[in-house]
Amino acid sequence: MSFWPNVVVATPAHSGVAEGLCYRSELSLAPGTMVRVPLGAREVLGVVWECPACAPPGLSEARTREVAGVLDGLPPLNDRWRQLVQFAARYYQRSLGEVALAALPPQLRDLSSVQLARRLKRSAGTPQPSTPGEPDGHDLSEEQRAALAALHVAQAPVLLFGATGSGKTEVYLQATQRALAEDADAQVLVMVPEINLTPQLEARFRERFEPLSGAGAVVCLHSGMTPAQRLASWLAAHTGRARIVLGTRMAVLASLPGLRLIVVDEEHDPSYKSQEGARYSARDLAVYRAKVESEALAPQGARCRVVLGSATPSLESWHAAEQGRYQRLAMPGRIGGGALPRLRLVDMNHQPKGAVLAPPLVAAMAERIARGEQCLVLLNRRGYAPVLACHDCGWKSACPHCSAYRVFHKLDRTLRCHHCGFTERVPRACPDCGNLDIAPVGKGTEQLEEQLAGLLADVTRPDGGPARVSRMDADSTRHKGSLEAQLATMHSGEVDVLVGTQMIAKGHDFRRITLVAGINADSGLFASDYRAPERLFALLMQAGGRAGRDAAFMSDQGTGSEMWVQTWYPQHPLFDALRRHDFPAFAATQLAERESAGMPPFGHQALLRADARTQQAAHAWLNAAAQAAQGLPHFADVTLYPAVPLTIQRVANVERAQMLVESASRGALQRFLAAWQPTLLACRSLPEAKGLIRFAVDVDPLTV
Ligand code: ADP
Ligand code: ZN
Ligand code: ZN
């Protein structure tokens with residue numbers, strides 16, 4: 001007797017293989033079984049989606065290939081996981097195989113049965129507590145206690161709206177502890193937006209849970225791990241040995257058979273939205289996943305909770321809470337009763353011309369350093385200067401492959417394109433006219449670090465030593481361990497001023513920072529992107545949240561903490577709400593504007609993006625796709641906007657354009673996109689597709 005498993009394999013959406021491929025097998029294979037199957041001349045990893053005992057009609061039995069092998073010893077991926085993958089694939093308009101296989105560790109494909117057995121053996125057994133005993137969590141504050149209790153009985157997804165320093169992490173820790181205590185097989189997923197936040201969180205979770213649940217109870221999953229580490233973590237999660245998985249957005253698709261709690265920390269962060277492949281929102285999938293798990297657990301009277309935490313929630317989540325779809329739990333106070341920083345706006349119209357840092361700001365920093373306090377200076381641009389230019393002939397350091405300038409990095413004297421990576425040594429003279437005097441224009445973190453060191457050269461710390469300035473950005477943290485080392489110098493007080501990109505604004509629990517400065521905030525005030533104000537507000541509020549976190553230290557020092565913002569537009573209403581730390585007021589104004597404009601979360605959007613050899617080709621294809629959309633189901637319920645080039649229209653010699661699709665109804669948009677997908681595939685063979693390299697649909701895009 002033969003079986004005819006439908007197996008999903010890694011096929012990109014463009015391949016036209018929307019669902020799985022049919023194979024033959026002598027054994028009945030449970031759905032979710034991981035198998036090796038022949039595909040063309042290769043053997044690839046696949047997941048059995050279903051396994052009927054009779055051949056599908058019209059199948060040529062003789063030509064159906066046989067399953068090459070089953071990944072022995074691995075329990076099948078469960079129904080809830082497959083439901084999650086299926087939903088993600090449908091919702092984000094990708095193939096099942098692409099989403100399913102991207103969620104599995106790549107190494108799984110390459111291991112022989114023997115190797116796999118060895119890996120499994122290594123991660124076998126339930127973790128044993130190393131030392132028995134109670135974990136020593138903090139005594140909860142009143143607000144934390146109330147939030148934890150409410151979380152425990154909440155029936156809806158929870159939005160934990162907690163001020164910076166209100167102790168959200170402690171709530172996550174104790175909620176985790178409670179979930180694990182309730183069920184011997186329970187697992188918890190904790191997500192953070194960026195890899196650089198995982199070490200700190202990992203340390204706190206290990207410290208708390210390894211004594212309870214044993215070494216190996218906490219594992220990480222993020223893209224900075226080696227393939228072998230990723231496989232080990234994934235296996236530990238899949239077999240239930242790992243009780244807690246900490247990770248970035250990719251972790252939302254991990255196999256977690258005992259999932260009982262999902263935490264999405266800093267839920268507003270744009271990093272939760274994938275910008276390649278299946279462009280999913282890990283936050284939204286987390287909410288969906290908790291619902292699916294809860295439905296399955298309902299007969300046992302159990303459920304899977306989901307907590308979205310932030311001091312500056314996304315307007316989507318805020319709106320959901322306003323509507324009662326999410327339950328909002330507020331923790332407005334800081335631990336220890338410390339105050340949030342006072343806003344100091346510096347009107348740049350009244351500062352000396354060309355000053356990168358306003359003199360009053362420098363003076364304030366000097367005072368802080370002399371008292372043994374630390375400062376954080378935020379500038380959203382790495383490198384020394386965003387452009388190098390010749391003032392004789394007008395040459396600028398354009399990237400030959402992108403419609404962008406290459407950034408001047410002084411440390412290694414290179415010009416680097418931050419879009420395609422193209423790097424060259426800085427030329428000695430202007431390549432166009434030979435002028436020797438080519439100069440940096442604008443400022444980046446490297447330059448700010450250098451200037452600050454100069455400006456603070458005469459300042460001494462209480463221990464008599466000179467003030468020390470350090471920089472933290474994607475450049476300074478490239479090497480393994482350098483991030484931890486840099487954070488350590490900040491925590492130990494070795495460094496007085498930390499200069500950096502938004503990387504330093506997020507999540508870190510610095511204890512002795514009392515002044516935070518935003519140097520170049522204005523670009524967010526008038527950007528064409530309608531989400532720019534939301535991002536700017538969140539960034540400034542989060543950055544400010546790094547100051548004054550230790551109430552005891554603050555009262556010893558006797559001064560309050562401050563958030564300085566340099567701006568040419570001090571009257572801008574955004575600063576009013578910021579001054580009052582009034583996120584609800586800010587959100588209300590933004591949501592009112594969005595509602596009247598039919599923007600998300602009131603309207604729903606998707607982008608059709610095209611990459612092509614030329615802009616004309618990209619436009620021609622998008623227009624053909626729009627033409628082909630006419631008359632499709634729900635065409636009348638969506639608006640297709642004209643094709644436009646992306647803001648940075650050329651990257652690595654690829655021209656990029658997009659077309660916005662909008663609808664008042666999410667369901668109508670979904671059904672229209674589903675109908676459009678096969679048409680889009682067909683449009684690849686039109687004459688208008690000449691020059692098209694690839695296309696992608698981005699559902700709920702973050703930038704339009
Ligand atoms: P948030 O994530 O809300 O900004 P954290 O969770 O990092 O805040 O907490 C801020 C600081 O307060 C941390 O150093 C944490 O250890 C401490 N903390 C949290 N809860 C308590 C508590 N109940 N008692 C004492 N300290 C606490
Ligand atoms: Zn020149
Ligand atoms: Zn480039």
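Ligands are counted one by one from 1 in listed order, and the atoms in each one are counted from 1 as well. One-based numbering along the sequence shown.
- Looking only at heavy atoms of the protein, atom 20 (N) of ligand 1 is closest to Q144 NE2, 2.9 Å.
- Proximity to D139 (heavy-atom distance under 4.0 Å) selects the following atoms of ligand 1: 22 (C), 23 (N), 24 (N).
- Considering each of L140, L173, T164, D509, the one bringing a non-hydrogen atom nearest atom 14 (O) of ligand 1 is D509.
- The option with the heavy atom closest to atom 7 (O) of ligand 1, from among R549, H508, K168, is R549.
- When E266, E170, H138 are checked for heavy-atom proximity to atom 18 (N) of ligand 1, H138 turns out nearest.
- Judged by distance alone, the side chains of E267 and S314 do bring a donor and an acceptor atom under 3.5 Å apart.
- The Zn ion (ligand 2) has no N, O or S atom of H391 closer than 2.8 Å.
- For R342 and W564, the positive end is not near the middle of the six-membered ring at less than 6.0 Å and at most 45° from its axis.
- Under a 4.0 Å heavy-atom criterion, R511 is in contact with ligand 1.
- The pair E446-K410 does not count as a salt bridge, with every side-chain nitrogen at least 4.0 angstrom from each carboxylate oxygen.
- Any N or O atom pair closer than 3.5 Å counts here, and T169 shares at least one such pair with ligand 1.
- Using modelled atom types and a 3.5 Å distance limit, the side chains of R382 and T501 yield no donor-acceptor pair.
- Residues D269 and K506 are paired through a salt bridge, judged by an N-O separation under 4.0 Å between the basic side chain and the carboxylate.
- Between the E484 side chain and the P199 main chain, no donor and acceptor come within less than 3.5 Å of each other.
- Aromatic ring orientation, F205 versus F209: parallel (interplanar angle below 30°, classes split at 30° and 60°).
- Counting only heavy atoms of the protein, atom 9 (O) of ligand 1 lies nearest to G167 CA, 3.5 Å.
- Look at K168 and D265 and you find no salt bridge, because none of the NZ, NE, NH1 or NH2 atoms lies under 4.0 Å from a carboxylate O.
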Would you please test T514 and T559 for side chain to side chain contact (heavy atoms under 4.5 Å, CB included) and show each step?
CA-CA 9 Å; T514 62; T559 53; 5.6 Å; no

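- We find that E424 and R406 are joined by a salt bridge, their nearest charged nitrogen and carboxylate oxygen being less than 4.0 Å apart.
- Below the 2.8 Å limit, the Zn ion (ligand 3) has as protein N, O or S neighbours C399 SG, C402 SG, C417 SG, C420 SG.
- Note on ligand 1: R334 sits outside its first shell, no heavy atom being nearer than 4.0 Å.
- In terms of polar-atom proximity, defined here as any N/O pair under 3.5 Å, G165 does make such a contact with ligand 1.
- A salt bridge links D550 to R511: at least one charged side-chain nitrogen sits closer than 4.0 Å to a carboxylate oxygen.
- Taking a cutoff of 4.0 Å between a charged side-chain nitrogen and a carboxylate oxygen, E316 and R531 qualify as a salt bridge.
- Proximity to R204 (heavy-atom distance under 4.0 Å) selects the following atoms of ligand 1: 7 (O), 15 (C), 16 (O).
- The backbone of S141, and not its side chain, has at least one atom closer than 4.0 Å to an atom of ligand 1 (non-hydrogen atoms only; backbone = N, CA, C, O).
- Distances shorter than 4.0 angstrom occur between a heavy atom of A163 and an atom of ligand 1.
- Between the side chains of Q557 and E373, at least one donor-acceptor pair of N or O atoms lies under 3.5 Å.
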